[in-house]
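Just so we're on the same page: letters track the sequence lines, and every chain starts at 1. Quantities reported herein were computed from a predicted structural model and do not represent experimental measurements.
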Amino acid sequence: MLAFTIRRLSQSVIVLFVMSVIVFAGVFAIGNPVDILINPEADIAEQEETIRRLGLDKPMWAQYGVFMSNALQGDLGNSFVHNIPALEIIATRLPATLELAFLAVGFAIILGVPLGMYAGLKDDTFIGKAIMTGSILGFSLPTFWVGLIFIMLFSVSLGWLPASGRGETVDIFGVPVSFLTWDGFSHLFLPALNLALFKISLVIRLARSGTKEVLLQDYIKFARAKGLSNTRIVGVHVLKNILIPVITVLGLELGNVIAFAVVTETVFAWPGIGKLLIDSISNLDRPVVVAYLLMTVTMFILINFVVDILYSILDPRVRLEGSK
Amino acid sequence: MTLQKLGLAASALAVALALPVAAQASKLTMGMASEPSAIDPHYHNLGPNNALRRHMFESLVDQDEKQNLGPLLATSWKPTGETTWEFKLREGVKFQDGSAFTARDVIYSACRIPNVPNSPSNFTSFTKAISGFEAPNDHTLIVHTSVATPLLPTYFSNWGVISATANGIKGDIKYDKENCGIANFPNTVDFNSGKAAIGTGPFKLKEFVKGDRLVLEQNAGYWGTKPEWTSVVMKPITNAAARMAALLAGDVDFIAAPPTQDLAKLLTNPKFDVAQGLSNRVIYLHMDQFGPSSNGVKGTGSPAGKYEGEGPCASKECEKNPFLDVRVRQALSKAINREAIVSKIMGGVAVAAGELLPQGFFGTNPGAAPEAYDPEGAKKLLAEAGYPNGFELVLGTPNDRYINDAKVAQVIAQMFTRIGVKTTVNAMTKSVFFKTRNKYEFSIYLAGWGAGTGEMSNPLRALVGTRSKETGLGGTNRGRYSNAELDKKILSALSTVDDAKRELILKAASKMAMEDYSILPLHYEVTSWAHRKGLSYKARADQYTVATGISSSK
């Protein structure tokens, strides 16, 4: 376990370093933030003065050097746009996205697993086939379009749910969350469902094929022969055995949802980090973009780590690499 | 079916969640197209920040919706010499912390402007002419400038006043260009948190949650007419379709910049209304008029001389620059059917342009008409200039900066092609566009200019004055047009304090710039706002969205 952890950590440091170089060079190549941020009415002397003030007159390697030496001390720089630390901006936006992501993944598990298992058990019935057809829609409809349709239907035509933004929030240990109030939850529901649609379909497919495969296994036959109730067979033996692929995929998907919920956040004007990323890229706010992507990489590394540990809990046959 | 099930589940939940929307008459919710980067009035000199600043931090001089100057914290002003001005300040005005507004606060604000760390665009252009202040009493302010500065009142309408007392300054302040001997100014973060957000304006800051909402509440002690709204919520909804949906769903009462393709639908909907007004923003084409050769031009032959200076042609072979010949510039202008662009592409939310500012603004020539569409005349001019078979051109344009920018460029390319100038469009996102333009890679490009001062010296100075650090001209003249006589006119206008004389000079300068086809104006944008029925908005020429301009019509 310890060797496993150490090896993983040292790999992560290399990944982070390579990532920082790529992102830094990438944003540098797009353009100069001053062209976007400065008032066009500034004359040539003022333009040059601003470029100097923000340290953008130095060559790229020198700017990277400054960034790196600060980063090693835990300072990823101030946002060019807002002049507050990039990490602080991300931290204030993160709870909104986490809330959205966890609810979406929650929807995926609560709806996807039972529906998928049902489709696997009752493969030939109308409902079973209907579930599978429905999941194709979930895969193939673009999130952006579905989001707008949700808004047109539930907000504009029916007027049931608000169309955009985050509702009332309540602080829990200083972190603002919105799912505890009706107003907050009503704002959260549509974007979370929009984000979940693809994951639900994914989980349905995984759960169905898993169920069909597990049903043929000897231990299921044995359980039936032993006279166990159907509920126990499906609820314990089948369920437990189909969860491994579901957890692997949802683990990765969770990371994906947190880091790149850009489309949903834009359509629903959700103040999360996905929207922050898009705004920062279009403003060429390099410190925020770099900090954001470094944080994303770190998060993926952590999630993979947790998924690996979950395997070993769910399936005793799995041994963590390097542990004895 | 899954979707049906989901739909049902969603409906059930939605019913349970549906909240009665308590519409309070005095609360206004606005959907904004962009978000200010900070509350600090001196941090970032850009549209969204300047619009927000007007709610909380008033300036000495006001700019009304047509950009006419009027009294605000100053009741009157006059030049008392070539380089001195006297401002009478309003009495009885209190800051939101209760301290009285005096001349000291103005000096303090001017001292802070150059001292905002990491400002991405500061306000020194409006204060750098000031060489000293005198305050004979609390409500009289004498301003000395280093050179004659006729636009001083306009400059004073562009920055907000913060309180010296609230920021811990006692006694008189001795103005200098550095920091007036003040060691600690409040920093930008203190404004965001509300701690330093103390102005004299009709609203005060209640809450600023970046990316989510900005809440203002009425300033109970405001000296002037109190705004109709006790509370204003501004939500940044940057996606136009989502902003429109929020209005239709009733989440917001008012939105800035509704999508142009939806305007007709809004106008016929009995529940909503649209406010429109002509802006000070002109969309123009700028042509490379720098060296003997130009990047991206083909079929003009080899250049007459060697390219010297900054630009891509310094390091590679380019063909001859056709734009040095005024007949070619005029031919392109004649090839453009401006009326067709306005009616077909812009859907009527634009007005064809004959100058760099719409009719009626200070320094425009009454009756200056847009160039008439004349493709035959254009072909003739091209032949005279030695291009009977035309040439090839690349037209650069942003695709997310101005209303329908890339579409307009496409149509212009077709119009140019019709007279024999085979044009392709190179459209790109604004960050890449500005970088490419500033490296002089376009031989012709489309861009826009909003005149912050609302008078003619502003676009002339920035767009057609010869680029120079010393004179301060040509800041955005990326076509590098240069005309010594025109420069002289612009500079003399910038130092003529007498309004009548200055207007004459500006008119002559504008005429000269247009007759030389230094730049090709296309159209002025008409700005739109949409809101629920029962509201009205005083459309602003500077395109700002301010809550004080919104009222419920009775």
Subject >> Option from B/R467, B/K469, B/K128 for which side-chain hydrogen bond (donor to acceptor under 3.5 Å, both in side chains) with A/D43 holds >> reply: B/K128
Original post:
Taking all atoms of both residues into account, what is the closest heavy-atom pair of B/I237 and A/A269, and its distance?
Top reply: CG2-CB, 3.8 Å
Original post:
Between the side chain of A/N83 and the main-chain N/O of B/N118, is any donor-acceptor distance below 3.5 Å?
Top reply: no
Original post:
Are side-chain heavy atoms of A/E41 and B/S125 found at a separation under 4.5 Å?
Top reply: no
Original post:
Given that the side chain runs from C-beta out, which part of A/F144 has a heavy atom under 4.5 Å from chain B: side chain, backbone, both or neither?
Top reply: side chain
Subject >> Side chain, backbone, both or neither of A/N283 within contact of chain B (heavy atoms, under 4.5 Å) >> reply: neither
**OP:** Answer with yes or no whether the side chains of A/D35 and B/N438 bring together a donor and an acceptor at under 3.5 Å.
**Re:** yes
**OP:** Quick one: closest heavy-atom pair of B/A246 and A/A163, and the distance?
**Re:** CA-CB, 4.0 Å
Original post:
Does A/G31 offer a backbone N or O that forms a donor-acceptor pair with the side chain of B/S431 under 3.5 Å?
Top reply: no
Original post:
Quick one: what part of A/I38 sits under 4.5 Å from any heavy atom of chain B, side chain, backbone, both or neither?
Top reply: both
**OP:** May I ask you to name which of A/D279, A/V81, A/T50 has the most heavy-atom pairs under 4.5 Å with chain B?
**Re:** A/V81
Subject >> Residue A/A45 versus chain B: region with a heavy atom under 4.5 Å >> reply: both
Original post:
Using non-hydrogen atoms only, which part of A/I36 is less than 4.5 Å away from chain B: side chain, backbone, both, or neither?
Top reply: both
**OP:** Sort out for me which of B/L46, B/V189, B/N192, B/T436 touches chain A most, counting heavy-atom pairs under 4.5 Å.
**Re:** B/L46
Original post:
Where does A/I84 contact chain B at under 4.5 Å (heavy atoms): side chain, backbone, both or neither?
Top reply: side chain
